[in-house]
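Note sheet for the following structure.
Chain letters run A, B, ... following the sequence lines, proteins first and then strands; every chain starts at 1. For clarity, every value in this text was computed on a predicted model and none was experimentally measured.
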Amino acid sequence: MTRFAPSPTGFVHLGSLFASMVAMRLARQTNGVFYLRIEDTDKKREVEGGITKIVNALSKFGIYFDEGFDKDGNEFGNYGPYLQSKREEIYKSYIKSLIEKGLAYPCFCSPEEIEKQKEEQTAKDLRVGYYGTWAKCRNLSMEDIEKNIKEGKEFIIRLKSEGDIEKFIELNDLIRGNLSLPENDQDIVLMKTNGLPTYHFAHVIDDHLMKTTHVIRGEEWLPSASLHLQLFNIMGFKAPLYAHISTIRKQDGPSKRKLSKRKDPELSMEFYEKEGYPIQTVIEYLTNLANSSFEDWRKNNPLAPLEDYNIRLDNMSVSGPLFDIVKLEDISKTIIANMNTDEVFNLYNTWAKSFDADFAKIIEDNKEYYYNIFSIERGGVKPRKDFSKWSEVKNYISYFNDELFAENLVSGYIFDNLDTRREDIINTLQNYLSLYNENDNNEEWFDKIKVITDKIGYTKDMKQYKKNPGNFKGSIADVATFIRITMTNRKNTPDLHRIMIVMGKERVEKRIHMALEFLNKMQ
RNA sequence: GGCCCAUUGGUCAAGUGGUCUAAGACACCGCCCUUUCACGGCGGCUACAGGGGUUCGAAUCCCCUAUGGGUCACCA
């Protein structure tokens with residue numbers, strides 16, 4: 001039984017996705033329950049529609065809850081409410097019993113007073129905070145309390161901590177192992193003036209009542225884990241098991257730092273959608289960050305569903321990993337390479353409809369043509385790894401589109417050494433035009449390239465050519481390049497023969513004529 | 001500043017006292033395959049932060065130093 005417990009800010013970043021993914025996978029692996037609880041005790045942070053935004057953003061990356069909230073923001077599950085502000089009465093009743101037991105007390109100190117005290121402590125080089133003799137309201141008499149309340153003074157409820165800063169408490173973290181933390185001696189706030197609990201108190205009450213067995217959260221909570229253990233103990237609850245996940249960092253000049261919302265676009269989930277990284281890419285990258293042995297598993301099980309891999313907490317890194325977009329792209333290329341044409345075609349279309357509507361329309365109008373384009377060299381034993389994200393696709397296949405190809409030609413063809421080779425190129429193209437048969441198979445097609453090579457006096461012997469290029473006018477590779485540039489105006493493309501089959505006879509011939517016209521005009 | 005956590009190649013990392021002249025992956029470089037590019041194959045590069053201990057033996061345990069990160073709210 002584990003959970004994801006964000007504030008309803010509506011913003012899901014890579015770190016939250018990471019934590020929630022690990023938590024969910026862990027629950028699923030053990031047939032446990034994974035639920036969503038919204039921590040809205042700070043009304044300032046709340047964003048309109050925040051809950052549905054979070055649920056939707058996570059669901060795009062395959063994160064689903066067994067209890068909590070659905071995509072419309074409707075609550076479901078047996079241990080609710082899952083919205084902390086609706087649990088106010090629950091917290092209050094526990095607070096009451098704590099006060100009765102003398103384990104908590106009202107504090108009337110104003111924020112200004114606390115601030116002043118802090119300055120004094122700093123000036124005296126003392127530990128700051130509300131503790132020991134600094135906890136002024138700790139021993140207020142019943143009369144004082146009543147008087148203050150009568151005067152209408154605002155108050156908060158504080159823990160009457162019996163912890164000793166000199167003593168240590170053992171925490172067996174599922175990721176980090178045995179940790180020794182100093183006890184908490186601060187009279188921390190349990191309930192705020194608005195009547196809602198602080199995170200610490202809500203965490204203890206909710207995770208007990210909701211029967212959470214595993215708390216998976218960011219390492220920023222580690223220092224307060226001691227306090228949480230103390231609270232569980234005072235309440236007489238059994239503490240859950242903790243797993244503190246290290247923060248994903250980024251190299252920024254000489255230092256590593258936390259991913260920041262303002263500086264790092266890759267922190268936001270929208271970035272991955274916009275760039276068009278497949279969902280699986282992001283999840284597999286994060287899984288790999290969680291357990292690096294995942295990549296070995298993936299290598300041995302290239303097509304197995306991700307769910308078959310079990311994440312292990314004790315294999316997770318304790319030092320914060322650096323975010324590496326290059327690695328992510330490599331993973332993405334492999335994932336896309338393993339997809340069949342239908343998948344690529346459909347996923348690309350879905351992406352294009354949202355982020356490149358014009359091109360999506362073009363594809364829609366020429367479905368078969370583009371489907372064939374996507375099928376080039378796909379599905380074999382050695383699939384190409386041409387792109388890592390959908391936003392790269394258009395540029396990659398643009399030469400198939402007559403208009404985009406024409407646009408590209410505005411700056412001319414990219415033939416090398418035109419002045420000396422113009423005749424050879426013209427010769428090649430004219431020969432090719434007469435020999436070309438759209439029904440040729442690869443072998444027949446290549447035989448014709450060989451014929452042309454002979455005719456224009458180039459060599460078919462690449463080994464010899466590579467040894468002594470100066471001995472030859474040119475090679476069969478040059479002939480292929482002439483045709484490649486004529487068709488695509490690029491030097492690097494997938495299999496030329498396949499490209500021409502997809503382009504069709506008419507387009508192939510037209511492009512030869514275009515190139516010939518260009519070459520003849522140069523005279 | 002106090003406290004906590006960490007530190008293995010450019011990056012992610014395996015490693016839990018002997019099997020470490022330290023795995024694998026990404027990146028980079030070279031070669032092979034090859035009509036181009038990719039894919040693939042082969043090879044190379046580069047690491048236990050530094051210093052002290054403990055031990056027959058340390059990447060692994062202890063201490064110190066350095067560096068990085070986290071935290072010290074009526075925010076979560």
Expressed in angstrom and rounded to an integer, what is the separation of A/L222 atom CG from B/G2 atom C1'? 16 Å

First encountered from the 5' end of RNA chain B, between A/E219 and A/D386: A/D386

Restricting to nitrogen or oxygen on both sides, can you table the protein-nucleotides 46-50 of chain B pairs closer than 3.5 Å?
none

Separation of atom CD in A/Q186 from atom P in B/U71, rounded to whole Å: 16 Å

For atom C1', what is the distance between B/G40 and B/U46, given to the nearest Å? 25 Å

Note: contacts of residues 480-489 of chain A with RNA chain B (heavy atom, under 4.0 Å) are A/A480, A/R484

Side chain of A/D330: nearest nucleotide among B/A27, B/C5, B/C74? B/A27

Which residues, if any, of residues 290-302 of chain A bring a heavy atom under 4.0 Å of RNA chain B? A/S292, A/E295, A/D296, A/K299

Please classify the nucleic acid contact of A/T193 as base, sugar-phosphate, or nothing, using heavy-atom distances under 4.0 Å. base

If we take the C1' atom in both B/G15 and B/A22, what is their distance in whole Å? 8 Å

In whole angstrom, give the distance that lies between atom CH2 of A/W221 and atom P of B/U71. 10 Å

Side-chain donor-acceptor pair present, A/Q230, A/S161, cut-off under 3.5 Å: yes

Integer angstrom distance from the P of B/A23 to that of B/G10: 15 Å

Base, sugar-phosphate, or nothing for A/S317, non-hydrogen atoms under 4.0 angstrom? sugar-phosphate

For A/P383, report the nucleic acid contact type (base, sugar-phosphate, nothing); a contact means any heavy atom under 4.0 Å. sugar-phosphate

May I ask you to check whether A/F232 and A/H203 place their ring centres under 6.0 Å from each other? yes

Regarding A/D185 and A/R127, does a basic nitrogen lie under 4.0 Å from an acidic carboxylate oxygen? yes

Remember a base hit wins even if backbone is also touched, and classify A/I449 as base, sugar-phosphate or nothing at under 4.0 Å, heavy atoms. nothing

Evaluate the criterion salt bridge (Lys or Arg N to Asp or Glu O under 4.0 Å) for residue pair A/E444 and A/K448; output intermediate values, then yes/no. CA-CA 6 Å; A/E444 291 162 338; A/K448 287 181 180 174; over 6 Å; no

With heavy atoms under 4.0 Å as the rule, sort A/F168 into base, sugar-phosphate or nothing. sugar-phosphate

N/O donor-acceptor pair, side chain A/K463 with base B/U34, under 3.5 angstrom: no

Determine the contact category for A/K491: base if any of its heavy atoms lies under 4.0 Å from a base atom, sugar-phosphate if only primed atoms, P, OP1 or OP2 are that close, otherwise nothing. base

Between A/F446 and A/Y199, which is nearer to the 5' end of RNA chain B once each is assigned its nearest nucleotide? A/F446

Mind checking the C1' distance from B/C63 to B/A58? Whole angstroms is fine. 15 Å

Show me the dot-bracket string of RNA chain B, counting Watson-Crick or G-U pairs under 3.5 Å, with | for pairs to another strand and [ ] for crossing ones. ((((((((.[[[..)..(.....]]].(((((.......)))))....[[[[[..)....]]]]])))))))....

Hey, can you tell me if A/W221 and A/Y199 have their rings parallel, tilted or perpendicular (30° and 60° cut-offs)? parallel

For the residue pair A/R45 / A/S7, report whether a side-chain donor-acceptor contact shorter than 3.5 Å exists. yes

Answer yes or no: are there more than 12 heavy-atom neighbours, outside A/K116 itself, under 6.0 Å from its atom NZ? no

Please tell me which of the listed nucleotides, B/C26, B/A76, B/U36, lies nearest to the side chain of A/H200? B/A76

Can you see whether A/D386 engages A/Y396 through a side-chain donor-acceptor pair at a distance of less than 3.5 angstrom? yes

Which whole-number value in Å describes the distance from A/H244 NE2 to B/A6 C1'? 15 Å

Assess A/R298 against A/F294: is NZ or CZ under 6.0 Å from the centre of the six-membered ring, and within 45 degrees of the ring's axis? no

Using atom C1' in both nucleotides, what's the gap between B/C74 and B/G70 to the nearest angstrom? 23 Å

Taking the same atom, C1', in B/G68 and in B/G50, what whole-Å distance lies between them? 15 Å

Which of the following nucleotides, B/C4, B/U36, B/A73, is nearest to the side chain of A/K118? B/A73

Quick one: A/N184 CG to B/A73 P, roughly how many Å, whole number? 12 Å

For A/H244 and A/R176, test the side chains for any donor-to-acceptor distance below 3.5 angstrom and give the result as yes or no. no

What residues form a salt bridge (charged side-chain N to carboxylate O under 4.0 Å, His left out) with A/R490, not counting sequence neighbours? none

Using the six-membered ring of A/F4, assess whether NZ or CZ of A/R37 lies under 6.0 Å from its centre and within 45 degrees of the ring axis. no

Side chain to side chain contact (heavy atoms under 4.5 Å, CB included) with A/R312: which residues, sequence neighbours excluded? A/N291, A/D314, A/N315

Does the pair A/R138/A/D187 count as a salt bridge with the N-to-O cut at 4.0 Å? yes

If the threshold is 4.0 Å, N to carboxylate O, is there a salt bridge linking A/E329 and A/K333? no

What distance, rounded to whole Å, do you find between the two P atoms, one in B/U21 and one in B/A59? 9 Å

Assign A/N315 to base, sugar-phosphate, or nothing according to its heavy-atom contacts below 4.0 angstrom with the strands shown. sugar-phosphate

Using a 4.0 Å heavy-atom cut-off across all strands, classify A/R176 as base, sugar-phosphate, or nothing. sugar-phosphate

Ion pair present between A/R421 and A/D416, side-chain N to carboxylate O less than 4.0 angstrom? no

Can you say whether a donor on the side chain of A/R384 sits under 3.5 Å from an acceptor on the base of B/C37, or the other way round? yes

Touch class at under 4.0 angstrom, heavy-atom based, for A/T41 against every strand present: sugar-phosphate

